[in-house]
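To start, the structure under review is shown below, and the notes come after it.
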Amino acid sequence: MSNITTEQMRFWSPEVRELEPYVPGEQPKIQNLLKLNTNENPYPPSPKVVEAVQAVLVNSADVLRLYPDPDASALKQAIAKQQNVVVENVFVGNGSDEVLAHIFKAFFVQELPVLYPDITYSFYPVYSQFFGVKTKILPLNDDFEIVVDDYKQANGGIIITNPNAPTSIDIGLAAIEEVLQANPNSVVVIDEAYVDFGAESAVSLVEKYENLVVCQTTSKSRSLAGLRVGFAIAQPHLIAALETVKNSFNSYPMDRFAIAAAVASFEDQAYFEAQNQKVIQSREHLVEQLTALGFNVLPSSANFIFASLPSKDAGELAAELREQGIIVRYFNKPRINQFLRITVGTDEQNQRLVDTLKNDILK
Ligand SMILES: *Cc1c(COP(=O)(O)O)cnc(C)c1O
């Protein structure tokens with residue numbers, strides 16, 4: 001906490017003095033920067049999204065003085081249609097980070113610990129501390145895979161990212177069903193931030209399992225990280241808990257721009273599918289090229305890859321790429337401090353990365 005003195009800190013709530021907040025990937029303002037560090041989509045959102053924002057803008061003199069729909073029902077309907085569920089199965093929030101925060105508050109503040117892997121989304125420990133959630137961290141195996149049998153012990157809830165971040169590895173629905181069946185009295189949350197890039201969604205299991213919550217976002221596969229729209233799909237008795245938390249915190253998390261733009265995105269399924277296919281193809285090509293340069297790349301079902309180079313320290317490699325104007329994510333943490341998490345860009349962007357590695361760094 002840079003230049004706040006202990007004396008000034010006396011004004012802070014004691015528990016806030018102890019918080020260790022999440023550190024997002026940086027958004028630096030460097031010219032000719034290639035940003036491959038926060039898993040943003042390299043393509044623009046659907047043109048229909050831009051039209052929808054413009055339509056709100058045109059009416060802004062009339063509508064911005066009015067509160068938005070507290071229930072964001074137009075958005076819930078668009079999501080329900082696209083996900084093939086009913087509107088009673090849908091919860092929406094200001095980015096899936098907010099949806100996840102409400103999930104931790106609504107389900108995980110229990111006597112028993114919540115289970116999640118040692119290597120996963122680094123917001124989970126932050127929310128756990130924030131809400132006083134007890135946790136039990138379960139190591140992934142040496143191939144960075146989930147050990148399903150570990151999730152058959154007493155717990156106060158389970159959260160699994162699928163595909164996992166930052167490893168990019170996915171688990172199939174059979175493994176998820178095994179976890180759901182072994183835990184009939186706990187909520188099992190599947191965070192599917194990257195599911196549209198090649199994994200199978202657990203939304204199809206929501207009707208069958210009363211303990212399942214699936215969380216998704218528009219930030220990655222819909223190119224809307226700047227809009228802040230995330231959602232959860234679950235049976236109505238779980239959605240009701242999330243609505244209770246949301247309405248005890250902020251009744252209007254979705255503004256008029258966010259609702260209109262996200263609706264337009266969910267209505268343009270063709271654009272969404274075509275764009276994801278492009279990212280998947282670019283990913284496969286990037287993996288081939290990096291493998292040829294000597295990288296070990298974990299099998300990815302996401303819009304990023306997790307790669308290590310045996311001949312070079314990952315922290316040094318990240319620093320040298322940065323000097324060339326290319327930013328990737330490096331986690332200086334046990335087990336993964338020799339890996340780089342690299343967001344898949346356009347083919348041109350990926351080529352710049354490969355050429356820089358080949359011609360400037362590994363020459
Ligand atoms: C990006 C990400 C999120 C958060 O997405 P937002 O909707 O932008 O808040 C949640 N979970 C995981 C695993 C992510 O990578």
Side-chain angles (χ1 to χ4, degrees), residues 25 35-42 116-124 137-148 150-151 159-176 179 190-202 220-221 276-318 321 326-345 347 349-351 353-354 357-358 361-362:
K35 247 185 111 298
L36 301 177
N37 66 328
T38 51
N39 298 343
E40 287 145 332
N41 200 300
Y116 58 78
D118 58 341
I119 300 162
T120 189
Y121 189 36
S122 40
F123 230 129
Y124 304 156
I137 310 298
L138 304 172
L140 298 176
N141 70 16
D142 290 341
D143 296 323
F144 295 112
E145 292 158 349
I146 288 216
V147 183
V148 172
D150 288 352
Y151 294 81
I159 183 159
I160 292 172
T161 311
N162 189 39
N164 198 9
T167 64
S168 77
I169 296 174
D170 76 302
I171 54 168
L173 290 192
I176 290 173
V179 173
I190 309 297
D191 180 350
E192 295 188 344
Y194 301 102
V195 76
D196 299 317
F197 300 106
E200 211 181 338
S201 173
K220 280 95 184 203
S221 58
N276 291 340
Q277 278 314 311
K278 274 201 284 190
V279 173
I280 291 168
Q281 273 171 18
S282 299
R283 175 185 74 210
E284 298 313 308
H285 186 48
L286 175 62
V287 171
E288 268 170 40
Q289 289 178 294
L290 291 179
T291 306
L293 288 176
F295 280 85
N296 294 323
V297 185
L298 299 189
S300 173
S301 304
N303 70 335
F304 62 88
I305 57 158
F306 206 49
S308 64
L309 187 61
S311 61
K312 195 160 175 96
D313 178 75
E316 279 172 33
L317 189 52
L321 281 168
I326 300 176
I327 305 203
V328 299
R329 192 92 196 250
Y330 171 67
F331 299 91
N332 195 0
K333 289 187 181 168
R335 293 188 75 189
I336 56 169
N337 64 5
Q338 285 313 315
F339 283 84
L340 296 179
R341 192 194 71 186
I342 305 171
T343 306
V344 176
D347 282 333
Q349 292 173 332
N350 299 338
Q351 197 60 50
L353 169 72
V354 169
L357 284 165
K358 211 187 297 187
I361 298 181
L362 307 174

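A perpendicular orientation is assigned to the rings of Y124 and Y121, their planes being inclined by more than 60° (bins at 30° and 60°).
Heavy-atom minimum distance, G198 versus I280: N-CD1, 4.3 Å. P139 and V147 make their closest contact through O-CG2, 4.2 Å (heavy atoms, listed as atom of the first residue, atom of the second, distance). A302 approaches S300 most closely through the heavy-atom pair N-OG, 3.1 Å.
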Side-chain donor-acceptor distances from residues 334-344 under 3.5 Å, at least two apart:
from : atom 1 : to   : atom 2 : distance (Å)
R335 : NH1    : D118 : OD2    : 2.7
R335 : NH1    : L140 : O      : 3.0
R335 : NH2    : L140 : O      : 3.1
R335 : NH2    : N141 : O      : 2.9
Q338 : OE1    : A314 : N      : 2.9
Q338 : NE2    : D313 : OD1    : 2.8
R341 : NH2    : N37  : O      : 2.7
T343 : OG1    : L36  : O      : 3.2
T343 : OG1    : N39  : N      : 2.9
T343 : OG1    : N39  : OD1    : 2.7

Under 3.5 Å, side-chain donor or acceptor atoms of residues 164-171 against the rest of the protein: list the pairs with distances, not counting sequence neighbours.
from : atom 1 : to   : atom 2 : distance (Å)
N164 : OD1    : T120 : OG1    : 3.1
N164 : ND2    : I119 : O      : 2.9
T167 : OG1    : I169 : N      : 3.4
D170 : OD1    : S301 : OG     : 2.9

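Between the N41 side chain and the K220 main chain, a donor and an acceptor come within less than 3.5 Å of each other. Between the side chain of N276 and the backbone N or O of F197, no donor-acceptor pair lies under 3.5 Å.
The closest side-chain heavy-atom distance from Y116 to I137 is below 4.5 Å. Looking only at side-chain heavy atoms (C-beta outward), I176 and E200 stay at 4.5 Å or farther from each other. Taking 4.5 Å as the limit, every side-chain heavy atom of L321 sits out of range of all side-chain heavy atoms of Y330.
Residue pairs meeting the salt bridge (Lys or Arg N to Asp or Glu O under 4.0 Å) criterion with at least one partner in residues 277-287, sequence neighbours excluded, are absent.
Every residue two or more places apart in sequence or in another chain that forms a side-chain contact (heavy atoms from CB on, under 4.5 Å) with Q349 is listed here: L34, P42, T346. Residues passing the ring-ring contact (aromatic ring centres under 6.0 Å, His included) test with Y151, sequence neighbours excluded: none. Residues satisfying the side-chain contact (heavy atoms from CB on, under 4.5 Å) criterion with Q289, sequence neighbours excluded, are H285, Q351, V354.
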L362 vs L309, side chain to side chain contact (heavy atoms under 4.5 Å, CB included): CA-CA, chis, key distance, verdict:
CA-CA 10 Å; L362 307 174; L309 187 61; 3.6 Å; yes
Kindly determine whether L357 and I326 satisfy side chain to side chain contact (heavy atoms under 4.5 Å, CB included), including the steps that lead there.
CA-CA 10 Å; L357 284 165; I326 300 176; over 6 Å; no
May I have the step-by-step check of side chain to side chain contact (heavy atoms under 4.5 Å, CB included) for L353 and L286, ending in yes or no?
CA-CA 9 Å; L353 169 72; L286 175 62; 4.1 Å; yes
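To the nearest 0.5 Å, the span separating CZ on R329 from OG1 on T38 amounts to 8.5 Å. With values rounded to the nearest 0.5 angstrom, N162 atom CG is found 9.0 Å from S201 atom OG.
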